[in-house]
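Since we're looking at a predicted model, the values are computed, not measured. Computed over heavy atoms, backbone and side chain alike; hydrogens, waters and symmetry mates excluded.
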Amino acid sequence: MPINNPFKKKYTTEGMYIGKPEAEAERVDTHALFQDYLDIENNIKRGNFIITGRKGAGKSAYAIWLQNKAEHDDQLFCSLVKKDELALEEMIQAVDAQTLKYEALFEWIILVRIVKLVLDSNTGTYLKQISALERFYEKNAGLVSIDKYVIKEILTNKEVNFSPLKGEFGFFSRFLGNKSIKAPFYQMISPLRETLIQVLKMEIFKNINFLLLFDDLDIKFKLTREADRTMLMDLIRIARRYNTEYFVGTNAKVLLFIRDDIGDRLEGVDSDKSKIFGSYEYCINWYEHDIAQKDETAIMLRKFINHRLALNFERCNIPYNNEDPWLSFVEEEPVAEGQKTQFKYILDHTFYLPRDIINLFKNISDKKLKLPLSKSSVNSLLRDFADVKKQEICDELYVVYDQDVDMVDKLFQVIEKVNSGRDVTYMQILGYLDELSLPHKEFHTLLEYSLLVPVNKTTNHFFFNYREKAVSKRFDQYTYRTPKILKLYFNNRI
């Protein structure tokens, strides 16, 4: 007998909305939908400013939640720098053509964005220093909004007018001379930084937080290009300098949201890379093996879906299990020890990501499925989800291989060959790579993205890189399979 059917009359999934895969598309609902289950906020307070995680882990969702939170909190001011605002092509051309350093452009972005947040707070407007800062911002309106057009303006040697600041902040003469009132933006970095630090340390700002967020960095940077890897690492170093030096003693912070695989590909770009990430990275990981073994209702992904289900049941006026809404959503049978619940069965077809859960259930309203969902309904949803997940994996790999569709297609041919085999060995996989003229190093890429699942020959233990770090040596001691969702994808094609 099912253990979870509270319904005396028939209800369906019509009208239910679990969410949208892209955090930007959920912007209107983020305030109600988002919960900080992974304690990201406290990890940031502890000094972490590089927020990493696989695509779909919730990095952008957290960034957008912070923005929405700032709209309801008069002590939090937040600015989100998206990929299109960085104008990387213009920066690269600037370095090549004019030997201007893009580090100065990154600093300019940080400084003028924080200045704008200070002015947006409408705090201390009666003070001469704040009034001067506002006049400075208005006088240079064409140079403080960062986009590709402004970058071009800056790089054509258009100068910044700092006359409003010179009278209130005497150190400008030390940096730029007594007679000057204009200078190229890169000469303005040091005096503007000193101005901002002085302002942020004013008593009136002691309880106000200013956050500058850089999101979608993995999309704009081309990892096959050395200049892009160097620029990304430079941005990380600059953010560290501001967070650990310049902004110490203030409530301003720069946060970077980066895919974990992108961070891994910065190895060798800077000798400090490992130290920086080791000290300031917080990686979003939703896998909780030990907790799940004791009580799967206590894991974060269960809490994630239960929160959204409760909102839906309330909105649709559907009775549900208050303690565990999942039990009113999916038909769970009593299971013996060692058997899998439907929830675990579903998770085994995901990469333990919130986006996977959302993608799985995103179209349930249109399908008008009977509640609670039966096994056949769940399997039907999983078959649809398999196609979506395959495309998402391709999108991840396109970033790594600079949109090389042929390369990604060949990698999936290798995965399909593994899927067709049984207890496939390391040497067999190298043979598949040879057949497609692919270098053997791509074996490690497939492991990194959990597209190959190592199986210990002795214990039959499975290793998933999204759960624990993949095996890193003696690859011949394992056989290999494909993850369940890709197995389902290939079976769908038969």
Side-chain angles (χ1 to χ4, degrees), residues 44-45 47 49 70 73-81 101 103-146 150 154 159-214 234-235 237-256 280:
I44 290 172
K45 288 179 181 178
F49 66 88
D73 186 343
D74 59 8
Q75 292 188 322
L76 174 63
F77 293 85
C78 190
S79 181
L80 184 61
V81 181
K101 294 195 173 183
E103 290 97 320
L105 279 167
F106 284 142
E107 287 206 63
W108 180 255
I109 292 171
I110 291 171
L111 291 169
V112 298
R113 282 298 183 95
I114 298 291
V115 166
K116 180 65 165 62
L117 291 178
V118 168
L119 297 176
D120 286 346
S121 73
N122 289 317
T123 302
T125 53
Y126 55 89
L127 296 174
K128 291 181 179 180
Q129 296 95 323
I130 304 300
S131 178
L133 201 61
E134 187 169 14
R135 294 198 308 276
F136 164 79
Y137 197 89
E138 291 174 350
K139 189 173 284 289
N140 296 285
L143 298 176
V144 293
S145 298
I146 300 300
V150 173
I154 292 174
E159 295 183 313
V160 178
N161 188 321
F162 58 88
S163 58
L165 298 176
K166 193 171 183 180
E168 297 301 329
F169 301 92
F171 47 75
F172 268 81
S173 297
R174 171 162 50 91
F175 285 104
L176 299 168
N178 291 319
K179 297 182 179 180
S180 301
I181 61 169
K182 290 184 177 182
F185 85 96
Y186 53 87
Q187 291 183 9
M188 279 290 301
I189 299 299
S190 293
L192 184 57
R193 184 199 306 131
E194 196 159 327
T195 298
L196 182 58
I197 292 171
Q198 191 175 114
V199 168
L200 290 170
K201 288 185 176 180
M202 290 178 172
E203 183 71 12
I204 55 173
F205 293 114
K206 70 176 183 178
N207 294 319
I208 301 178
N209 295 288
F210 302 104
L211 299 179
L212 182 59
L213 319 176
F214 286 84
D234 283 337
L235 174 58
R237 285 192 300 99
I238 290 167
R240 177 187 62 169
R241 195 179 310 137
Y242 272 81
N243 288 328
T244 63
E245 296 178 35
Y246 304 141
F247 286 162
V248 171
T250 77
N251 292 325
K253 188 177 284 284
V254 180
L255 302 180
L256 308 179
Y280 304 109

Can you name the closest pair of heavy atoms from Phe169 and Gln129 and give their distance? CZ-CB, 3.6 Å
A side-chain contact here means heavy atoms from C-beta on lying under 4.5 Å apart; do Leu76 and Phe210 qualify? no
Find out whether the Lys NZ or Arg CZ of Arg241 is both under 6.0 angstrom from the six-membered ring centre of Tyr246 and within 45° of the ring's axis. no
Under the salt bridge (charged side-chain N to carboxylate O under 4.0 Å, His left out) criterion, do Arg135 and Glu168 qualify, and how do the steps go? CA-CA 12 Å; Arg135 294 198 308 276; Glu168 297 301 329; 5.4 Å; no
Which atom names give the shortest non-hydrogen contact between Cys78 and Ala70, and what distance separates them? CB-CB, 3.8 Å
Verdict with reasoning, Leu133 to Thr195, per side-chain contact (heavy atoms from CB on, under 4.5 Å): CA-CA 9 Å; Leu133 201 61; Thr195 298; 4.1 Å; yes
Would you mind reporting whether Leu192 and Leu196 have side-chain heavy atoms less than 4.5 Å apart? no
For the pair Asn161 and Phe136, evaluate side-chain contact (heavy atoms from CB on, under 4.5 Å) and give the outcome as yes or no after the intermediate values. CA-CA 7 Å; Asn161 188 321; Phe136 164 79; over 6 Å; no
Reported CD1-to-CG distance for the pair Ile44 and Asn209, which is rounded to 0.5 angstrom: 11.0 Å
Does Lys182 reach the side chain of Val160, with side-chain heavy atoms less than 4.5 Å apart? no
Which pair of heavy atoms, one from Leu211 and one from Leu117, lies closest together, and at what distance? O-CD1, 3.5 Å
For Met188 and Trp108, which heavy atoms make the closest approach, and how far apart are they? CB-CZ3, 4.1 Å
Determine whether a donor-acceptor pair (N or O, by modelled atom type, separation under 3.5 Å) exists between the side chain of Thr123 and the backbone of Ser121. yes
When Glu103 is tested against each of Leu235, Ile238, Ile189 for side chain to side chain contact (heavy atoms under 4.5 Å, CB included), which residue passes? Ile238
So which heavy atom on Phe49 is nearest to which on Ala239, and how close? CE1-CB, 3.8 Å
Any side-chain donor near an acceptor of the partner, Glu107 and Tyr186, under 3.5 Å: no
Would you say Leu111 and Tyr242 make side-chain contact, with heavy atoms under 4.5 Å? yes
Do any N or O atoms from the side chain of Thr125 and from the backbone of Asn122 form a donor-acceptor pair under 3.5 angstrom? no
Any donor-acceptor N/O pair, Asn243 side chain to Lys253 backbone, under 3.5 Å: no
Hey, can you pull the donor-acceptor pairs under 3.5 Å for the side chains in residues 197-205, sequence neighbours left out?
{"unit_1": "Glu203", "atom_1": "OE2", "unit_2": "Lys206", "atom_2": "NZ", "d": "2.9"}

Taking all non-hydrogen atoms of both residues, which atom of Asp120 and which atom of Phe77 are closest, and how far apart? O-CE2, 3.6 Å
So, are Lys139 and Glu134 salt-bridged, with charged N and O less than 4.0 Å apart? no
Can you tell me if Ser131 uses its side chain to pair, donor with acceptor, with the backbone of Leu127 under 3.5 Å? no
With rounding to the nearest 0.5 Å, note down the distance linking CG in Asn140 to CG in Leu165. 8.5 Å
Could you please spell out the steps behind the side-chain contact (heavy atoms from CB on, under 4.5 Å) verdict for Ile208 and Asn251? CA-CA 7 Å; Ile208 301 178; Asn251 292 325; 5.6 Å; no
Measuring only between side-chain heavy atoms, which start at C-beta, is Phe214 closer than 4.5 Å to Leu255? no
